[in-house]
Engineer: 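Please see the structure below; I have some questions.
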Amino acid sequence: MKFWKRRSKKHRLATTLTHSLILTIGVLAIIVLLQNFQVNRQVVEQEVARSKQQTSSLIQEIFNFRLKSVEIQQDSYSRSQSMVDALRADSGGDIDRFFDGVDQIDPDISPDFRFIAKHGKIFWNNENHRFYGIDDSELNQISQDLITGNHWYIAQAPSSMGTRYLLIRRTSMIALDNGEVVGDFYVGIVLNNNFSLMKGLLDGSNVDELALAVGSEIIASSMRGNTYQIEWLKQYSPSLNSEEFMISKIDVEIDGVATFLSVYTIQNNSHIALLMRGHYLWLGGAAVIILLIAIYSRYWLGRRVSDELRNLMLYTEQSTETHHVEPFKGSTIAEFNKIGQSFQRSFKRLREQEKQFADLFNFSLSPIVLWDTKGNLLRMNPAAERCFRCNENGTDLYPIMQDSLLPQVRMSAQGVSLTGVNMAIGAKTYRWNFSPIVLDNITRNIIAQGQDVTSFVEAERQSQTAREEAEELARARADFLAKMSHELRTPLNGIIGMSQLLRGHLVAEQDIEHVDVLINSGEHLLAVLNDILDFSKIEQGKFHIQHAEFRVKELVTTVEKIYRPLCIEKGVQLIVNSNIEDDQTVFSDKVRLNQILFNLASNATKFTHQGHVSIDIELQPRQLNYALKIVVEDTGIGIDRKRIQHIFDPFVQADMSTAREYGGSGLGLAIVYSLVELFDGSIEVDSEVGIGTRFVVNLMVDKVIESNLALNQQQMITPETMFDRTVEVLLVEDNQTNAFIAKAFCHKYGMKVTWVPDGHNAIEQLRVNRHFDLILMDNQLPNLGGIETTQLIRDELKLSIPIYACTADGMQDTKQSFIAAGADYVIVKPLKELTLNRAFQHYRQHFFALDGRGNKTSFE
């Protein structure tokens, strides 16, 4: 009973701290020593493993080197003309004299024995095999076994001195004058007691002794006597140990093929054993030192530290029980003195935080409510009292607030923190945060803090309304641009089309020049319209890079053909430099690259009146792609440096005088900048007024390893030779001018055109005549649009007649909608002779055909 009372008595803090401190020091010291031992052991093991690996590699390399030396010597002798002549003359004496001479020159790499077979029989041997107890019948057997290949083979041969293990290699003796195989030359190395081989391996490696074994039999060794046997070798571990020797086994490979030959390496392990014993002694010494430190520490702590700890505990108890924090009296131990001062500062901060929390709770302008875990309200701050107990209207909102917040309070009582919970109470909206107050891992209370966000919610609602209005405005702008594109392209189709037709009938040079001005003006207006549409698509994020395979040289030739006449007309020198080869093919967007290059070249040509315009196009190969660098430099009017940072903004030019003098929409460089960004490239500009401007574009294009690009690009075919029979065309076009132009173009190709003004008439016409060869379908038609008409032709009439859409809307969505409805090709207005020619080439290649009787094929 007394023993139980003594065991149940609580220990003093000093005793517990002493025991913990000594235990901690002891454990840490042992861990450090063990870790040090383990680290040293790993280092030594790694060094031993590295040494063993090096030894294995050296032995294998030396073994291979010796075999390779004999192999090279054998191949050299097998092609010796004197050897071949002696074999042809059946002169064994000449062969003896030949090898007597070469063995005296380099005896170290000579094999143990040689023999030559001719017509399947032994013709000559150097008699050395008898020295090893191998008779002639064994040589005959070897020559019969080795009839193919020139690799090394391991063979067993019985002899009067026991089984001999041999390395044999055969090579054919070939006459260099006529390529005749006159015999087979064999060399052999006897592995048993091959002291030369053992000495070479021992000298080239870093081991003390080594042995060559076949299976469990040692056949050669650098050691004296028969002390070292396989059983003795196997009892030593190849890893780090405290034994006398460290023995490793290396399996020998010949020509990269594993064999049953093994090399045992023997190294003296005494220095490693000494190191391990030293570590054991250190561990024992450390344990003794730790024990002595523990005894002394226990005595010192028990006499000195115990009193200081008692005073420190007394101070902490007094400070926690009273509301007033007394100054710490200090301690003779510096660490305990710092602990006491830290306690004093902590107690002061705790009292200050308690006061700050009370002030925050009482004077906060936001309502704060304290709940228990059952959902009962414990306390509200004055701000919450003003908001819910007696608000501005004199209404008590406390019940509404309590019912509204109760579900969140119960959820937070489970330990969940809730933030940003909007709750409408009365006429106002509050955003609440709920935080559980956890003590001893148990949720005691829940504090809820609210914020009046009525104005924020209203602003967010207005922002959402504004966003929806902006999106609707963007959609309306896109629809407006699509319609304006059609309305502008329709008269442009008439202007450009009629001009091209009229030009073909004019003879007077002055009239042709006037019509050319008209065509160029229409092309210029079309270019401005395309810039506006392209920029609109860029803003809407509908502008995409469409990759296709093309030759990069076409960029150079195209820009030179277009701008050289313009530069010659202005008296400006055009310099085009390129390192691009004719057959270099890439996978990228040719149209957009042309757009970048043409915009930069057009600006340089437009603003340069004297000097030169230089265009450098450089293609640098990378591993999987090319780095394309375009440099356009001119000696034109230049740009003020203050304006350079704005030139890539839309509808911006250098100044107002430039816009008045040179014209332009101010979208060219903005489109170039956006295109370069789509290519993940970069563009730089450097300019000086009166000196000139330099643009540098860097971007990446994909490399094409095996090009499938046709050798001949599609060229324009003369209309008279396009078709060998009349093609019946149904033209669906609401605009008479456009219809007139399209009919005029089609008549040049010998086509028979039937014109209808809208989709309904087209459907009725197809119900009556289902044998049209081609349908040219406009987009924006009255009553029934072109896309809808195409859909009805495919789905309702079930006709497979080729439908070529003709749209003045250049938007990509319109093209995709036509293709999805069943159109086979899309032509963008205004109609041009080259564009229409390529469309008809597409039709001829994919749809135009004759049946066996020469009649046209039906597309029903």
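Keep in mind it's a predicted model, so treat the numbers as computed, not measured.
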Engineer: Taking Ser463 for the side chain and Ala459 for the main chain, is one N or O donor matched with an acceptor at less than 3.5 Å?
Structural biologist: no
Engineer: When rounded to the nearest 0.5 angstrom, what is the spacing between CD1 in Ile447 and OG in Ser435?
Structural biologist: 7.5 Å
Engineer: What pair of heavy atoms forms the shortest contact from Ala627 to Arg622, and how long is it?
Structural biologist: CB-NH2, 3.7 Å
Engineer: Show the atom names and distances, to 0.1 Å, of all donor-acceptor pairs under 3.5 Å that link a side chain in residues 406-413 to residues at least two apart or in another chain.
Structural biologist:
{"residue": "Ser412", "atom": "OG", "partner": "Val416", "partner atom": "O", "Å": "3.0"}

Engineer: With a 4.5 Å heavy-atom cut-off, do Val701 and Leu619 have their side chains touching?
Structural biologist: yes
Engineer: Considering non-hydrogen atoms only, spot the tightest contact between Thr693 and Ser687 and give its length.
Structural biologist: OG1-OG, 2.8 Å
Engineer: Are Lys815 and Val828 close enough that some pair of their side-chain heavy atoms sits under 4.5 Å apart?
Structural biologist: yes
Engineer: Is any side-chain heavy atom of Ile437 closer than 4.5 Å to a side-chain heavy atom of Leu370?
Structural biologist: yes
Engineer: Between atom CG of Asn445 and atom OG1 of Thr373, what is the distance when rounded to the nearest 0.5 Å?
Structural biologist: 7.5 Å
Engineer: CD1 of Ile819 to CD1 of Ile787: how many Å apart, nearest 0.5 Å?
Structural biologist: 10.5 Å
Engineer: Do Leu600 and Leu669 have side-chain heavy atoms sitting under 4.5 Å apart?
Structural biologist: yes
Engineer: Atom CZ of Arg379 and atom CG of Leu377: how far apart are they, to the nearest 0.5 Å?
Structural biologist: 11.5 Å
Engineer: Can you confirm whether Leu405 sits close enough to Trp371 that some side-chain heavy atom of one is under 4.5 Å from a side-chain heavy atom of the other?
Structural biologist: yes
Engineer: Calculate, to the nearest 0.5 Å, the distance between atoms CE and CD belonging to Met700 and Gln620 respectively.
Structural biologist: 10.5 Å
Engineer: Let me see the working for Phe695 and Ile683 under side chain to side chain contact (heavy atoms under 4.5 Å, CB included), right down to the final yes or no.
Structural biologist: CA-CA 7 Å; Phe695 286 91; Ile683 182 170; 4.3 Å; yes
Engineer: What I'd like to find out is whether the side chain of Leu699 reaches to under 4.5 Å of the side chain of Leu593, using heavy atoms alone.
Structural biologist: yes
Engineer: Atom CG in Leu675, atom CG in Asn594: separation rounded to 0.5 Å?
Structural biologist: 11.5 Å
Engineer: Counting only heavy atoms not in Tyr673 (residues, nucleotides, ligands), do more than 12 fall under 6.0 Å from its OH?
Structural biologist: no
Engineer: What pair of heavy atoms forms the shortest contact from Tyr626 to Pro621, and how long is it?
Structural biologist: CD2-CA, 3.5 Å
Engineer: Do the side chains of Leu792 and Leu784 get nearer than 4.5 Å, heavy atoms only?
Structural biologist: yes
